[in-house]
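All remarks here apply to the structure that follows.
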Amino acid sequence: MVEADPPTLRLRGLTVEFDRPGHLGAGVESLRAVHEASLQLRKGEVVGVVGESGSGKSTLGLAAMGLLRAAARVSGTVEIGGVDMSAASEPMWRRRRGSDVGMVFQEPMTALNPVMAVWAQIAEPLREHRGMSRASARRRAVELLAEVGIREPERVARMYPHQLSGGMRQRVGIAMAIGCEPALLIADEPTTALDVSVQAQILELLVALVGRMGLSLLLISHNLGVIAETTDRVVVMYRGCVVESGATREVVSAPAHPYTRGLLDCVLSLDRPRDEPLHPIPGSVTPLAGAPRACPFAERCARVGDVCLTGLPELRGGAHACACVDPIAGRARASGGGRHG
Amino acid sequence: MSGPSDLTAPARGARSRRGRLAGRARRAGRLGVPARVWVCVAVIAAAIVVSLVLPPFLADFAEQDILDSLKPPVPWDGSDPAHPLGTDTLGRDILARLAVGLRVSLAVAAFGTLIALVVGIVLGVLAGYRGGWTDNILMRVADVQLSVPALVLVMFAVTLIGRDTPTIIVVLGLVTWVAFARVARAQVLSLREQDLVVASRSLGLPEWRILTRHVLPSIMGPLSVLASVEVGALVVAEAALGYLGLGVPPPHPSLGAMISEGQQVLTAGIWWPVVMPGAVIAALVLAANVLGDWLRDRFDPLSERSFR
């Protein structure tokens, strides 16, 4: 045994392609949502995936759960707890989902069943994976509600989703996901649909659960503020490609990729002077139609040069890696994102 | 106890909610159900009671008495109180025949719809959830069936298999499953990609459990609307079979057969043998359709009268 403790999640060269019918039924267009993404989570680690809408971060999360196998073409390897799941059958995936890997969704109202009492929904995976009886699953559901910080768990267990506040619903969603004590939790924008004050509570809860249960957390968010607050390491994605990865502290304080810098410049803060202009990244994310032949960010980059269009830059740099031929050097964080090179 | 703000907030909410409900109740009667819907429910309930309870207390539906033939219904001249709705050409009591005929009619409508609903849901949900070739095969079968007029198909099957009530029920049920399958499939197609289903899959729940516990309850609204309309359609279909002489064999009465028999004397101004069963069919179909209409309004989230 080379490794005593295999990573809870390891993605290697993960590529996800969706087929969609072309215009007027002319052939099939294939869109690449994730291109050759690799990342690794160790026990007790919190890793963030950040990027704009359409950057492929949610697709990455779903692919890591094996939930895209029918809808898309997935290649590369997904290893969960050291077991390669790339060739696993659906029943094998099903046994691991909910039991070894849990997922928390963005919109807790639509992820919960409106016509089922809270306890019954939390009890479902317990009965399925742990073979618990109805009564003991119910007892465990109440315990779980208490564990995710819900007061009066007995009473809340009998309620229905529409009777709960957004924050409470998300706590219920988390209770469902951690019921079978998975080693890995994937949270896809878990706070995006919530009030700011509730967001902080939910993030606090997730981080507390990582400490208490020793699980690994893959936190997917478009919000660099959320990522900076909670994660140990971060992976920045753009158009399905990992453009930068490293320790969160380093990436945030000294972004090397112009895209990461652009995202940081978009983070608002209360102490920013009101007359100082914002610096949004011009343009929007367009999906890749196949394997990228140039830097995916080239069309929106302020630092773009001819070399950027000649090929896809490799992710280089070890612990703090960046896929840019001309990375931003130094710790200086001038606003504006103009030409530095 | 919690603070004062916690105590007053829900009370205010409750009062305004009660006010809103009272307003709706005034407009629409108790429980927010308008009077026309109660009338429909009453019509259908009356039909069930008449067909199930009344026959033992009425004249024998097959008893012929030529001397008593073509008696008009009660308030008209020459009527006989023993035959409140009059008699037909063979002197048989129309009320008794209506009551017994209704049994077949209602049984066909209720159980036929049930069969269509079950078959349609199973196949439609399967097609929508699985997609791919399962979907392709099932929906092409549905298309083929739809391309043949339903009545022709039913006439063919009934002639081939037999004319007893269970056969008619099964045949009509199997001919109407397509509508349910299509609605179920469309609902599942849109639900399949939604958070609830993805979340259930992320918990590792088995497929049948996701379908029965999480998908089925969400698609029952539109399907129940369709079912209530289909009840009316099957009442008509059964009557059509009876009219064409393909319904339950005589002397057992069928609403359709009663109309076709009564038709012979209609030109002589003898209206009751046709109008009585005709009115019953019309009332049932109207009731089923109005009920379906109301259900559709209630299940439509964009409607002012919706449940939400």
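Each chain gets a letter, A, B and so on, in the order its sequence line appears, and its residues count up from 1. For the numbers below, each heavy atom of this structure counts, side chains included, while hydrogens, waters and symmetry mates do not.
Summarising the geometry of B:R213 relative to A:N113, their closest heavy-atom pair is O-ND2, 3.1 Å, with the distance given to 0.1 Å. A:M116 and B:H214 make their closest contact through SD-CE1, 3.5 Å (heavy atoms, listed as atom of the first residue, atom of the second, distance). In terms of heavy-atom proximity, B:L196 sits nearest to A:A111 at CD1-O, 3.6 Å.
The number of heavy-atom neighbours closer than 6.0 Å to CZ of A:R151, taken from other residues, nucleotides and ligands shown, is 12 or below. The environment of B:R130 atom CZ is sparse: at most 12 non-hydrogen atoms of other residues, nucleotides or ligands sit within 6.0 angstrom. In B:F111, the CZ atom is not crowded: 12 or fewer heavy atoms of neighbouring residues, nucleotides or ligands sit closer than 6.0 Å.
Residue contact with chain A, scored on non-hydrogen atoms closer than 4.5 Å, is absent for B:V197. Neither the backbone nor the side chain of A:V104 comes within less than 4.5 Å of any heavy atom of chain B. Proximity to chain B is absent for every atom of A:M109, based on heavy atoms less than 4.5 angstrom apart. The contact between A:M176 and chain B is made by backbone and side chain atoms together, counting heavy-atom distances below 4.5 Å. Looking at A:L62, the atoms closer than 4.5 Å to chain B (heavy atoms on both sides) all sit in the side chain, from C-beta outward. Contact annotation for A:L112: only backbone heavy atoms (N, CA, C, O) come within less than 4.5 Å of a heavy atom of chain B. With a 4.5 Å cut-off on non-hydrogen atoms, A:E107 touches chain B through its backbone and its side chain both. Residue A:S99: no heavy atom, backbone or side chain, is found under 4.5 Å from chain B.
Put simply, of A:Q121, A:H162, A:H129, A:R95, the one with the most heavy-atom pairs under 4.5 Å next to chain B is A:H129. Of the listed residues B:G132, B:S202, B:G131, the one with more heavy-atom pairs under 4.5 angstrom with chain A than any other is B:S202.
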Assess the residue pair A:E124 and B:L203 against the criterion (side chain to side chain contact (heavy atoms under 4.5 Å, CB included)); give the C-alpha distance rounded to whole Å, side-chain angles, the decisive distance to 0.1 Å, and a yes or no. CA-CA 8 Å; A:E124 272 196 309; B:L203 291 171; 5.6 Å; no
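To the nearest 0.5 Å, the span separating CZ on B:R201 from CE on A:M103 amounts to 11.0 Å.
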